[in-house]
Amino acid sequence: MPTNPLAYLGQQLDELKAAGSYFRLRELESACEAVSHADGREVINLASNNYLGLANHPKLKEAALEAVRKYGAGTGAVRTITGTLDMHMALERKIAAFKHTEACVVFQSGFAANAGTVSAILSPEDHIISDELNHASIIDGCRLSRAKIHVFRHRDVAHAIEKLAALKDEPGRKLLITDGVFSMDGDIGPLDQLTEAAEAHGAIMMVDDAHSSGVLGRNGRGTVDHFNLHGRVHVQVGTLSKAIGVLGGYVCGSKDLIEFLYHRARPFLFSTSHPPAVTAACNAAFDLLVEEPERIEKLWDNTRYFKAALKDKGFDTGVSETPITPIQVGEAKMAHAFSAALFEEGLWATGIGFPTVPKGKARIRAIVTAGHTTAHLDQAVEILAKVARRMAILP
Ligand code: PMP
């Protein structure tokens with residue numbers, strides 16, 4: 001028998017188990033809703049990014065079904081071959097108009113949008129100035145571009161300026177990049193001050209609004225709208241996978257930027273486009289952002305209510321300013337054990353530890369949505385407090 005050259009993977013999985021970082025995938029047996037069915041239980045779902053409850057909205061489902069009837073299940077090729085349906089172009093025009101930008105390109109995921117864009121617009125002689133907590137897809141895009149990467153301390157504008165100033169006489173382009181909302185802490189990137197810094201140093205400004213699309217700004221237009229920076233942020237990335245409720249990512253910006261990405265972004269060129277159902281559902285979701293702004297109001301009412309209730313119980317929810325609510329517990333093993341115990345009690349909130357967050361900063365991440373009722377949130381807080389006391393996380 002030949003030896004198994006992949007045996008080392010099993011050993012590495014054993015190491016993950018020993019470190020308490022091994023996980024099993026939970027199976028949902030129903031749509032992703034405020035109350036979901038998973039692993040044979042009914043649970044209050046504080047784990048998803050379905051911020052506005054659109055993932056199972058009848059208008060999105062109907063749009064998807066109609067699109068399948070008219071266009072079928074798939075597109076047959078990448079966007080540059082048979083993969084551009086009229087509806088793909090219509091969605092891009094709709095998003096561009098919504099975001100008040102000249103143009104938009106949709107990618108298969110937010111990950112592809114970030115990684116595909118950074119790697120397309122920069123070259124090895126260029127420089128990237130990036131927040132230390134930016135998303136993995138930005139980090140991978142930076143690496144793929146082979147540009148020089150300069151990391152600044154989280155949300156530390158002075159440190160970002162220091163990095164920009166140090167590059168003053170260096171050849172090459174400079175890209176300053178931040179998440180709009182940080183996915184693990186729920187804090188908002190200082191896009192206003194970073195944009196000023198980018199302008200002062202002639203840098204390209206890019207923001208990843210994955211957790212701000214549909215959440216921040218008028219009708220969920222994102223951080224550029226939240227800070228009133230229209231026309232000043234060159235590259236705006238968003239996702240269609242979270243508040244929009246479906247799947248995909250997009251880049252908004254100038255016509256030249258988008259045309260360039262059509263020609264040079266590798267996920268756009270080399271990976272098949274969204275199936276009709278996805279595109280149609282996204283299209284319906286953008287209509288709902290405008291037609292039903294009360295969903296966003298409800299999301300924020302729920303966010304304030306939940307955070308205040310957690311504070312009353314004595315929980316530390318860190319620096320979060322958004323529906324992403326971290327509950328600090330310390331060590332990774334404790335976060336995973338806490339999450340498992342919550343699930344047993346009927347609450348689903350993810351345990352997150354190293355390497356996703358720094359060592360000693362493990363947490364439960366609870367994400368409020370517009371679909372939760374006050375009763376769901378009250379019940380969730382009671383479960384959290386009960387389990388936390390039992391596990392000595394709360395006194
Ligand atoms: N950016 C951030 C900040 C994210 O949290 C995520 C999703 N985890 C992405 C980008 C990627 O988005 P998608 O899930 O659409 O690939």
Side-chain angles (χ1 to χ4, degrees), residues 23 25 32 46-52 54-55 60 91-92 95 104-119 128 130-144 151 154-155 175 177-191 194 206-217 220 222-224 226 233 235-252 261 265-268 271-275 278-279 281-282 285-286 319-326 350-352 355-357 363 365-369:
F23 58 79
L25 299 174
C32 184
L46 286 177
S48 87
N49 298 126
N50 183 19
Y51 290 111
L52 300 176
L54 297 184
L60 271 70
L91 177 62
E92 289 177 343
I95 299 173
C104 168
V105 51
V106 169
F107 285 84
Q108 298 86 347
S109 69
F111 198 107
N114 272 329
T117 299
V118 177
S119 57
I128 300 168
S130 177
D131 187 292
E132 65 180 332
L133 295 189
N134 277 344
H135 189 255
S137 53
I138 293 178
I139 296 170
D140 286 6
C142 294
R143 290 176 180 161
L144 282 169
V151 175
H154 180 49
R155 294 174 71 201
L175 173 79
I177 184 162
T178 183
D179 276 4
V181 168
F182 288 85
S183 57
M184 294 300 145
D185 293 281
D187 48 346
I188 300 174
L191 187 61
L194 290 175
M206 174 165 172
V207 65
D208 170 14
D209 261 344
H211 290 276
S212 356
S213 316
V215 174
L216 280 176
T223 46
V224 167
H226 173 75
V233 176
V235 189
Q236 291 185 57
V237 170
T239 179
L240 303 168
S241 325
K242 302 183 192 295
I244 301 303
V246 196
L247 170 72
Y250 59 84
V251 180
C252 283
L261 293 174
R266 292 170 71 82
F268 184 88
S271 184
T272 296
S273 60
H274 275 161
V278 167
T279 304
C282 290
F286 277 92
V319 290
S320 170
E321 306 163 75
T322 65
I324 298 171
T325 310
T350 317
I352 296 172
T356 310
V357 292
R363 65 202 62 182
R365 186 178 63 162
I367 301 180
V368 177
T369 74

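Order of appearance sets the numbers: ligands from 1, and atoms from 1 within every ligand. Everything numeric in this text was worked out from a predicted model, so none of it was measured. Count residues from 1 along the sequence.
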Exercise for the section: Show which atoms of ligand 1 fall inside a sub-4.0 Å distance from at least one heavy-atom site of D208. Expected result: 1 (N), 2 (C), 3 (C), 10 (C)
Problem - R266 side chain to A112 backbone, donor-acceptor under 3.5 Å - result: no
Exercise for the section: Determine whether any heavy atom of S137 lies closer than 4.0 Å to an atom of ligand 1. Expected result: yes
Fill in the blank from the handout: Near S109 (heavy-atom distance under 4.0 Å), the atoms of ligand 1 are 15 (O), 16 (O)
Practice task
Could you tell me the residue and atom name of the protein heavy atom closest to atom 8 (N) of ligand 1, and the distance to it rounded to 0.1 Å?
Solution key: K242 NZ, 3.2 Å
Problem - Any F182 side-chain heavy atom under 4.5 Å of D131 side chain - result: yes
Practice task
Go through ligand 1 atom by atom and flag the ones less than 4.0 Å from a non-hydrogen atom of N114.
Solution key: 1 (N), 10 (C)
Exercise for the section: Classify the contact between N49 and ligand 1 as side chain, backbone, both or neither, using a heavy-atom distance cut-off of under 4.0 Å. Expected result: neither
Practice task
Could you grab the distance from atom CG of L247 to atom OG1 of T279, nearest 0.5 Å is fine?
Solution key: 9.5 Å
Problem - Per-atom contacts of ligand 1 with G110, taking only distances under 4.0 Å to non-hydrogen atoms - result: 11 (C), 12 (O), 13 (P), 15 (O), 16 (O)
Exercise for the section: May I ask you to test the V237-V251 pair for a side-chain heavy-atom distance under 4.5 Å? Expected result: yes
Exercise for the section: Answer yes or no: is there a side-chain heavy-atom contact under 4.5 Å between D140 and F111? Expected result: yes
Handout entry: Numbered atoms of ligand 1 (with element) below 4.0 Å of A210, judged on heavy atoms
Key = 1 (N), 2 (C), 3 (C), 4 (C), 10 (C)
Practice task
Could you tell me whether ligand 1 has any atom less than 4.0 Å away from a heavy atom of A112?
Solution key: no
Completion exercise
protein heavy-atom neighbour closest to atom 5 (O) of ligand 1 works out as H211 NE2, 2.7 Å
Exercise for the section: Tell me which protein heavy atom sits closest to atom 15 (O) of ligand 1, plus the residue, atom name and distance to 0.1 Å. Expected result: S241 OG, 2.5 Å
Exercise for the section: Decide yes or no for E92 and Y250: does some side-chain heavy atom of the first lie under 4.5 Å from some side-chain heavy atom of the second? Expected result: no
Exercise for the section: Answer yes or no: does an N/O atom from F111 fall short of 3.5 Å to an N/O atom of ligand 1? Expected result: yes
Practice task
Quick one: look up the protein heavy atom nearest atom 9 (C) of ligand 1 and list residue, atom name and how far away it is.
Solution key: H135 CE1, 3.4 Å
Problem - Side-chain heavy-atom pair Q108, P267 within 4.5 angstrom cut-off - result: yes
Completion exercise
Correct closest heavy-atom pair for V215 and A243 would be CG2-CB, 4.3 Å
Exercise for the section: Check each atom of ligand 1 against the heavy atoms of S183 and keep those under 4.0 Å away; list them by number with element. Expected result: 5 (O)
Handout entry: Derivation of the side-chain hydrogen bond (donor to acceptor under 3.5 Å, both in side chains) call for H154 and D187
Key = CA-CA 10 Å; H154 180 49; D187 48 346; 2.6 Å; yes
Practice task
Kindly confirm or rule out an N or O of T239 lying under 3.5 angstrom from an N or O of ligand 1.
Solution key: yes
Exercise for the section: Answer whether the closest heavy-atom distance between the side chains of I244 and T239 falls below 4.5 Å. Expected result: no
Handout entry: V181-ligand 1 polar pair, N/O distance under 3.5 Å
Key = no
Fill in the blank from the handout: Per-atom filter on ligand 1: closer than 4.0 angstrom to a heavy atom of G248 are 15 (O)
Exercise for the section: Pick out which of V357, T178, V151, D185 makes a side chain to side chain contact (heavy atoms under 4.5 Å, CB included) with L133. Expected result: D185
